[in-house]
Amino acid sequence: MHRPVRDPSELLPPGEPVQLLQPDGVLREHPEFAPVSDPQLLRSMLRHMVVTRQVDQEAINLQRQGQLAVYASCRGQEAAQVGSALALADGDWIFPSYREIGAAITRGIDPTGLMHMYRGTWLADHDPYAERFGLMTIPIATQVLHATGFAMGTAMDGKDVVTVAYFGDGATSEGDAHEAMTFAGVFNAPVVFFVQNNQWAISVPVERQTAAPSLAHKAVGYGIVGRRCDGNDVLATYAVMSEAVERARSGGGPTLIEAMTYRMESHTTSDDANRYRGEDEVAAAAARDPIDRFQAFLARSGVIDDEFAASVAGEAAARSQQVRDAVYDAPHGDPTELFDHVYVDPNGHFAGQREQLARELAAGGGGV
Amino acid sequence: MHRPVRDPSELLPPGEPVQLLQPDGVLREHPEFAPVSDPQLLRSMLRHMVVTRQVDQEAINLQRQGQLAVYASCRGQEAAQVGSALALADGDWIFPSYREIGAAITRGIDPTGLMHMYRGTWLADHDPYAERFGLMTIPIATQVLHATGFAMGTAMDGKDVVTVAYFGDGATSEGDAHEAMTFAGVFNAPVVFFVQNNQWAISVPVERQTAAPSLAHKAVGYGIVGRRCDGNDVLATYAVMSEAVERARSGGGPTLIEAMTYRMESHTTSDDANRYRGEDEVAAAAARDPIDRFQAFLARSGVIDDEFAASVAGEAAARSQQVRDAVYDAPHGDPTELFDHVYVDPNGHFAGQREQLARELAAGGGGV
Amino acid sequence: MMAVTLAQAINHALVDAMEADPRVLVLGEDVGRLGGVFRVTDGLLSKFGEQRCIDTPLAESGIIGASVGLAMAGWRPVPEIQFDGFAYPAFEQIVSHVAKFANRSRGTVRLPMTIRIPFGGGIGAIEHHSESPETYWAHTSGLKVFVPATPDDAYSMMREAIVADDPVIFLEPKRRYWTKADVELPVSTAPARQALVRRDGSTVTVFAYGPMVKTALDAAAVADDHGWSLQVVDLRSLSPLDVDTIVSSVQQTGRAIVVHEASRTLGMGAEIAALIQEHAFYALEAPVLRVTGFDTPYPPARLENFWLPGVDRILDAVQQVLTY
Amino acid sequence: MMAVTLAQAINHALVDAMEADPRVLVLGEDVGRLGGVFRVTDGLLSKFGEQRCIDTPLAESGIIGASVGLAMAGWRPVPEIQFDGFAYPAFEQIVSHVAKFANRSRGTVRLPMTIRIPFGGGIGAIEHHSESPETYWAHTSGLKVFVPATPDDAYSMMREAIVADDPVIFLEPKRRYWTKADVELPVSTAPARQALVRRDGSTVTVFAYGPMVKTALDAAAVADDHGWSLQVVDLRSLSPLDVDTIVSSVQQTGRAIVVHEASRTLGMGAEIAALIQEHAFYALEAPVLRVTGFDTPYPPARLENFWLPGVDRILDAVQQVLTY
Ligand SMILES: Cc1ncc(C[n+]2csc(CCOP(=O)(O)OP(=O)(O)O)c2C)c(N)n1
Ligand SMILES: Cc1ncc(C[n+]2csc(CCOP(=O)(O)OP(=O)(O)O)c2C)c(N)n1
Ligand SMILES: [Mg+2]
Ligand SMILES: [Mg+2]
C-alpha cells in the first residue's frame with residue numbers, strides 16, 4: 001500500500017503549463033507530450049465540447065425561465081472537462097463537483113438527470129454505479145475525500161479502476177482537499193486530482209486562495225506528482241491527464257493536475273460577475289476560447305469538414321432540446337417519497353409524519 | 001497585505017536539515033548558518049533544557065502517583081523547544097499544543113499553571129496575555145489557526161509581534177493546519193509554523209502521515225518558506241528559528257520549520273510505546289540526546305564549568321520541587337465556579353442550576 | 001422613517017458598528033468585493049478598507065479559527081458563513097474553542113465574536129442551502145444564539161451581538177431578507193434575551209422565531225376567522241431562552257405549540273415543550289405540540305413547501321390542542 | 001459463559017463481524033499497531049492484515065470522508081473516532097454526507113458505515129475527552145444512534161450496526177468499558193430499536209442510556225430503602241427512539257425522569273419529555289424532570305463528579321416528581 005519517498009524534483013510541476021495547441025489553433029512542440037492524432041478521437045473531442053456548450057447554454061436559458069433553481073455554467077471549461085474525461089477508460093470513476101456537465105456529457109450521461117438536481121425535482125438523479133459518475137457535490141472539496149476512499153477501496157480489490165476527483169481552485173483551500181491528498185499519498189491510491197483553475201471562486205480570485213507558485217506545487221507536500229496544463233487546450237489536457245491516469249493505473253500513485261482555464265459566466269445564474277471583475281479580463285479569456293482554437297485546428301488539418309460541423313451542430317441542438325423537453329415544467333414526484341429513502345429500516349415515527357403529510361396533501365396543501 | 005508569488009526554489013527546504021552541532025558534541029560547518037557564540041545565551045540554553053528535563057520527569061512522577069490525570073512528556077525535545085523559544089523577543093507570542101512545557105519554561109512561565117491543566121484542577125491556568133503564551137490546546141492543529149489569526153491581527157495593528165504555532169508531525173495532516181498555512185501565505189502573516197517532528201503521533205509513525213519528501217516541503221504549497229533543522233541540536237534550531245522570526249518581523253512572511261527530533265517517552269503517561277516501537281529505535285534516539293551533546297560541547301569549549309553545572313542542577317531540583325509542592329494534593333476550587341466564566345452575561349437558567357449544585361454540595365455530594 | 005429590508009437592516013448595523021468601534025471587522029467568503037451573496041456586507045469594503053472587510057480563502061474552519069486569533073489580538077470579528085450548511089466544516093472551532101475559551105481560561109480570554117449565518121429554507125435553493133442548524137448551536141454551552149424576525153430586531157440584535165463579549169451565533173432568516181418594514185435607524189429594540197409577544201391572544205400560544213414568526217402571524221390572522229385567538233411569541237434568542245415569558249404566556253393560554261423549520265426530533269420545540277411542562281405543569285390543558293419540518297433531510301426545492309411548516313400545519317395543531 | 005468487559009465485547013463483535021463478512025474493515029487513528037487507545041481494536045491488525053485494519057493519518061474528516069468512498073466501493077467501513085471531542089472535525093462529512101447520501105441518491109447509494117465513538121465522562125480525563133455529543137447526532141435525520149450499556153448489548157448492537165445498511169453512530173460509554181459481565185459470545189440481544197426495562201418498578205420511570213444505566217440502577221437500589229419503586233428503562237437506541245416502550249412505561253408509573261450526562265438544554269431529556277407529554281398527557285402525574293449535566297462546558301477532571309448526574313441527583317428528582 002505504501003511507496004518509497006520520492007525525490008521532490010519528480011513531483012514539482014515543470015515551469016509552464018503544458019500547451020500543445022496555441023490559442024491561434026496552431027500546434028506547438030512540447031519536449032514531453034505529443035498531441036493525439038487519431039481523427040476519430042479528435043472529432044469526438046470536438047463533438048463533446050460543442051454539445052456541452054449548447055446544453056450548458058440551454059440550462060442557462062431554462063434557469064432564466066424559472067425552470068431551474070440555479071445553474072453553474074461550465075462555459076469556457078469545455079476543453080478541461082472533455083479532455084480529461086476522454087482520457088478515462090470506461091470503468092474509471094469520476095467524483096464531480098457541481099460544474100461538471102461537460103465531463104458528464106463526455107461520459108455519455110444523459111444530462112437530464114443532473115438538470116433535475118438544478119431544477120430541484122430531486123437532490124440528485126442518476127445512478128452513480130451505472131454511470132461510474134458520483135453524485136454532484138455541493139459542499140466544497142468534500143467529494144475529493146470520497147474519491148480517495150473509493151480509490152483505496154478499488155485498489156484493495158485489485159480492480160482496474162482509476163478514480164478522478166474534479167474540484168476548483170477555491171476548493172484547494174478547504175481542509176478536506178488537504179486530507180484527501182494526504183490520504184492518497186500515504187495509501188498510494190489510484191486517484192487523479194483534477195483541479196480546474198478557472199481563476200475564480202465566486203468573487204474571490206485565485207491569488208486570494210493561496211500564495212503558492214501554482215496550485216500544482218501543492219503536490220510535493222503530499223508526495224504526489226504535480227502537473228499543469230493549459231485547460232483551454234483539449235490536446236494538452238488529454239495528454240497530461242492520460243499520463244496521470246496511466247500512472248495511477250500502473251500503481252504509480254496519485255497526480256495533482258492543475259488545468260488553467262477560465263469561468264466565462266458568472267459563478268452561477270444567481271451571481272453577477274460584473275460586480276467583481278472587468279470586461280477586459282473576460283474578453284482576454286474569450287480570445288483563448290477552447291472550442292474556437294480546436295475547431296480552427298481541426299478544420300485546417302482536414303480532420304473535420306462542413307458536413308461534420310453540421311452534424312455536430314445538429315446533435316448539440318437535439319441534445320439541448322431533449323434536456324429542455326425533459327425538464328420544462330417537469331412535475332415533481334409524490335412528496336411522501338421524502339420518507340422513502342432516508343433509512344432502509346425507517347425510524348418508527350416516520351409513519352406518523354408521513355401520514356400527516358398525506359393528510360395535508362389530501363387537503364390540497366403545500367407545493368411550489 | 002499581499003506579496004508577490006515567489007520562486008519555488010526559494011521556498012523548498014534545502015536537502016538536509018540544518019545541523020550545527022553533531023551528536024558527538026562537535027561543531028559542524030554550515031554554508032548558511034552559524035552557531036551563536038554569546039556565552040550568556042549558550043548557558044541559558046543549557047539551563048532551560050536541564051530544568052525542562054527535570055520538571056518533565058517530576059510531572060511523570062506526579063502522574064504515576066495519581067496527582068495528574070495524564071501528562072505528555074517532552075523528553076528528547078528540549079533542544080527543539082528551548083532553541084525555538086529563545087529565538088523570540090519578549091513581546092512575541094506562542095500558541096502551543098499540549099507538549100510545550102519546555103517552551104513555557106524557556107519563556108519564564110511558572111509550569112505550575114500548566115500542571116494544573118494536567119491535574120484537572122481547572123482546564124487551563126495561566127494568563128495568556130501576561131505570558132504571551134496561548135492556552136495549551138488539545139484538539140490537534142486547531143491552535144495553528146489561532147496563531148495565524150492572531151498574527152494577522154497584530155500585523156494590522158502594526159505591532160512588532162511575531163507569533164509562533166507549535167505543533168506535531170501528526171498535526172500536519174489535519175485540515176486546520178492546511179487552512180492556517182493557506183491563510184498565513186495569502187495574508188503574509190508574521191507567523192512561524194514550528195513543527196516538532198518527533199516521528200510519532202501516538203502509535204502512528206510519520207511515514208503514515210504523509211508521503212511528502214519532508215514535512216517542510218509542504219511550505220511551497222502555501223507560498224511560504226520551508227526549512228528543516230536538527231531539532232536535537234539547540235544551536236541549529238536557534239539559528240533556523242532566528243532566521244524565520246526575523247523574516248516574519250521584517251514583513252517577509254511565514255516560515256514552516258520542521259525540527260527533526262524524537263519523542264523519548266510514550267505519547268502520554270496513559271500510553272505504552274512498547275506496543276508499537278522497538279527498543280533499538282529508542283536507543284538510537286537516545287544517542288542523539290540534545291542535552292548530552294550540548295553539555296559536552298559547552299564543557300569542552302569552556303563555556304560552563306562544574307560550578308555552573310551544579311547551579312543548574314540545583315535550579316532544576318528547586319523548580320521541580322516547586323511544581324511538586326504546588327500540585328501535590330492541591331485542592332480543587334469551589335465547584336460552583338463552573339458557572340462563573342461561561343458567559344459574561346449568563347443565561348437565565350444558570351441561577352437554578354447553580355443553586356442545585358450548591359444544594360448538593362451542602363448535602364455533601366459529589367467530588368473526586 | 002424609511003422602508004428597509006431585513007438584509008439592509010443588518011448591513012446598516014454592520015456599518016454603524018464598524019463606525020462606532022474601529023476594532024470591529026468582518027471576514028468571510030465573498031464579503032468584500034461582492035458584498036456577500038445576499039449583499040449584506042455590501043459597501044463595507046469601500047467604506048472600511050481591506051483590513052476590516054476581508055475576503056478570505058474558501059475555508060470555513062480557517063475563517064472561524066482565524067477569528068479566534070483575531071479576537072485574542074483585540075479585534076472584534078464578525079465572520080460570515082455563507083450558508084447554514086457550510087458552517088459544518090467549522091464545527092470543531094466553534095464547539096471546542098469559540099464556545100469554550102472563556103470558561104477554559106477562567107474568563108481571561110473572552111471571544112467577542114458574532115458569527116453570521118444565513119439560515120433556513122423557503123427560497124427554492126439547491127441542497128445544503130436551506131438548513132436549520134439551531135439545535136447544534138443552542139445545545140452547545142458557551143454560545144448565545146440570536147435569531148431576528150424583523151428588520152428592526154435584525155438591526156438592534158446585531159448591534160447587541162457585536163458589543164457583547166460573549167460569542168454569538170447570529171442566525172439570519174434568509175427567506176425574510178427581503179421583508180420590508182418602516183424603521184428609523186438606528187433603532188434599539190428590547191434586549192435579545194427577552195422574548196416578545198408579537199400578537200396578543202388568549203386561546204393558544206404559538207412560539208416561533210426567525211422565519212416562522214411571520215408564518216405564525218399569518219396563521220393567527222386566519223385563526224381569527226375560526227374564532228381562535230392565538231398569542232404569538234417571538235423567541236428572538238434561542239440561547240438563552242426567556243423561560244419567564246414562555247411560562248407566563250402558557251399560564252395565560254393553557255395551550256401552546258412551537259413552530260420551527262428544523263426537524264422535529266430534538267428541535268427547539270423539544271426544549272420548549274420540556275420547559276413548559278416542567279414550569280407550568282398545572283396550567284397546561286393540552287400537550288405542547290410541535291409544528292416543524294419532518295425528520296428527514298431538507299427536501300429538494302420543488303418539494304420544500306410540502307415539507308416546511310405553513311399556516312395549515314399550524315392551524316391543524318391549534319385544532320388538536322383545542323380538542324384535547 | 002465467561003466474564004467479558006464491555007470493551008472486550010466490542011472487540012469480539014468486531015472480530016466476529018470481520019470473520020463473517022470479508023468486506024468489513026476498520027480504520028482510524030491508532031487502531032492498528034496499538035489496537036486503539038482503549039484496546040477495542042486489539043488484535044485486528046494481526047488477524048486481518050493492513051488492508052482491513054488501517055492506521056490512518058491524523059485527520060478525522062479524512063477518516064469519515066474516505067469511509068464514504070470505501071462504502072461506495074463496496075466495503076463496510078467501521079471508522080473509529082478516538083474520543084467524542086474529536087468527531088467535530090468530521091462533522092460536515094457526517095451531517096452533509098453520511099446522513100444524507102441515501103436520501104439524496106433516492107436509495108441508490110447506501111452507506112453501511114458504523115462510526116465508533118467512545119463517549120462520555122467520569123474517567124478523570126483532560127478536556128475534550130469526556131463529551132456527550134449525542135444530541136448532535138440524534139437531531140440529524142439519516143443517522144441512527146446506538147448506545148449500549150452492557151457487555152452483551154455492546155456485542156449484539158455492534159453486530160447489528162455493522163450488518164445494517166443504514167449509517168450508525170455507535171457511542172461507546174467509555175467509563176463502562178471495564179464493566180464486566182458473564183456473557184456467552186456470540187450473543188444476540190433485542191434489536192437496538194427496542195428500549196428495555198432493566199428493572200421493574202411502579203412509582204417512577206427512570207429513562208437512561210449508556211453510562212447512566214448503571215447509575216440509574218444504583219439509584220433504584222437506594223430508592224428501595226425509601227420505599228420508592230423505580231422502573232429503569234434503558235433506551236439503547238437514541239435514533240430511532242422506542243416511543244411505544246417509553247410511553248407505556250409512563251402509563252404504568254405516571255411519573256418519569258430522564259438521566260444523561262449531556263447538558264440539559266436540548267439534551268435527550270428534552271425530546272423524551274416532549275414525547276411523553278405529547279403521547280401520555282393524561283397519564284402524567286408530575287412533569288418529566290431531567291437529571292443531567294449542567295449547561296456549562298464539561299468540567300475539569302477534579303470537578304467532574306460534582307457536575308455529572310449521580311445517585312443523589314436522581315433521588316432528588318424522584319422526590320420532586322413524587323411531591324408534585
Ligand atoms: C463548504 C462550502 N463552503 C462554501 C460554499 C459556497 N460556494 C459554492 S461554490 C463556491 C466557490 C467555489 O470555487 P471553486 O472551488 O474555484 O469552484 P468553481 O465554482 O470555480 O468551479 C463557494 C464558496 C460551498 N458550496 N461549500
Ligand atoms: C482533533 C484530534 N484528534 C485526535 C486527537 C487525539 N490525539 C492526541 S495527541 C495525538 C497525536 C498527535 O501527534 P503529533 O501531532 O505528532 O504530536 P505529538 O503528540 O507527537 O507531540 C492524537 C491523535 C486529538 N487530541 N485531537
Ligand atoms: Mg474556481
Ligand atoms: Mg509527533
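Lettering of chains follows the sequences in order, A, B, ..., and the numbering in each one begins at 1. From a predicted model like this one, the values you see are computed outputs, not experimental measurements.
- Only the side chain of C:Glu131 comes within contact range of chain D, with heavy atoms under 4.5 Å apart.
- Looking at D:Asp295, the atoms closer than 4.5 Å to chain C (heavy atoms on both sides) sit in the backbone and in the side chain alike.
- Using a 4.5 Å cut-off between heavy atoms, D:Leu284 contacts chain C through both its backbone and its side chain.
- Note on D:Gly269, D:Ser96, D:Pro299: by heavy-atom pairs under 4.5 Å with chain C, the leading option is D:Ser96.
- Top candidate by heavy-atom pairs under 4.5 Å with chain C, chosen from D:Thr135, D:Asn103, D:Ile94, is D:Thr135.
- Using a 30° and 60° split on the angle between ring planes, C:Phe294 and C:Trp307 fall in the perpendicular class, above 60°.
- A side-chain donor-acceptor contact under 3.5 Å links D:Thr253 and D:Thr205.
- Only the side chain of D:Glu127 has a heavy atom closer than 4.5 Å to any heavy atom of chain C.
- Residues D:Glu29 and D:Thr56 share a closest heavy-atom pair of N-OG1, 3.7 Å.
- Side-chain atoms of D:His97 and D:Arg104 form a donor-acceptor pair, as typed in the model, at a separation below 3.5 Å.
- Contact annotation for D:Ile272: neither backbone nor side-chain heavy atoms come within less than 4.5 Å of a heavy atom of chain C.
- Heavy atoms closer than 4.5 Å to chain D are found nowhere in C:Ser61, neither backbone nor side chain.
- By the 4.5 Å heavy-atom criterion applied to side chains, D:Gln320 and D:Asp316 are counted as neighbours.
- With chain C as partner, the option from D:Pro133, D:Ala262, D:Ala87, D:Ala274 having the largest number of non-hydrogen pairs under 4.5 angstrom is D:Ala274.
- Side-chain contact check for C:Gln93 and D:Tyr88: no donor-acceptor pair (N or O, by modelled atom type) lies under 3.5 Å.
- The contact between D:Tyr324 and chain C is made by backbone and side chain atoms together, counting heavy-atom distances below 4.5 Å.
- When heavy atoms are compared at a cutoff of 4.5 Å, C:Val95 approaches chain D solely by way of its side chain, counted from C-beta outward.
- For the options D:Ala138, D:Ala90, D:Ser141, heavy-atom pairs under 4.5 Å to chain C are most numerous at D:Ser141.
- Checking D:Tyr298 against D:Glu304 by side-chain atom types alone, a donor-acceptor pair falls below 3.5 Å.
- No hydrogens or angles considered: a donor-acceptor pair under 3.5 Å links the side chains of D:Tyr136 and C:Thr140.
- Salt-bridge formation is detected for the pair C:Asp84/C:Lys174: a Lys NZ or Arg NE/NH1/NH2 atom is positioned less than 4.0 Å from an Asp or Glu carboxylate oxygen.
- Each of C:Glu92, C:Lys100, C:His139 has some count of heavy-atom pairs under 4.5 Å with chain D, and the biggest count is that of C:His139.
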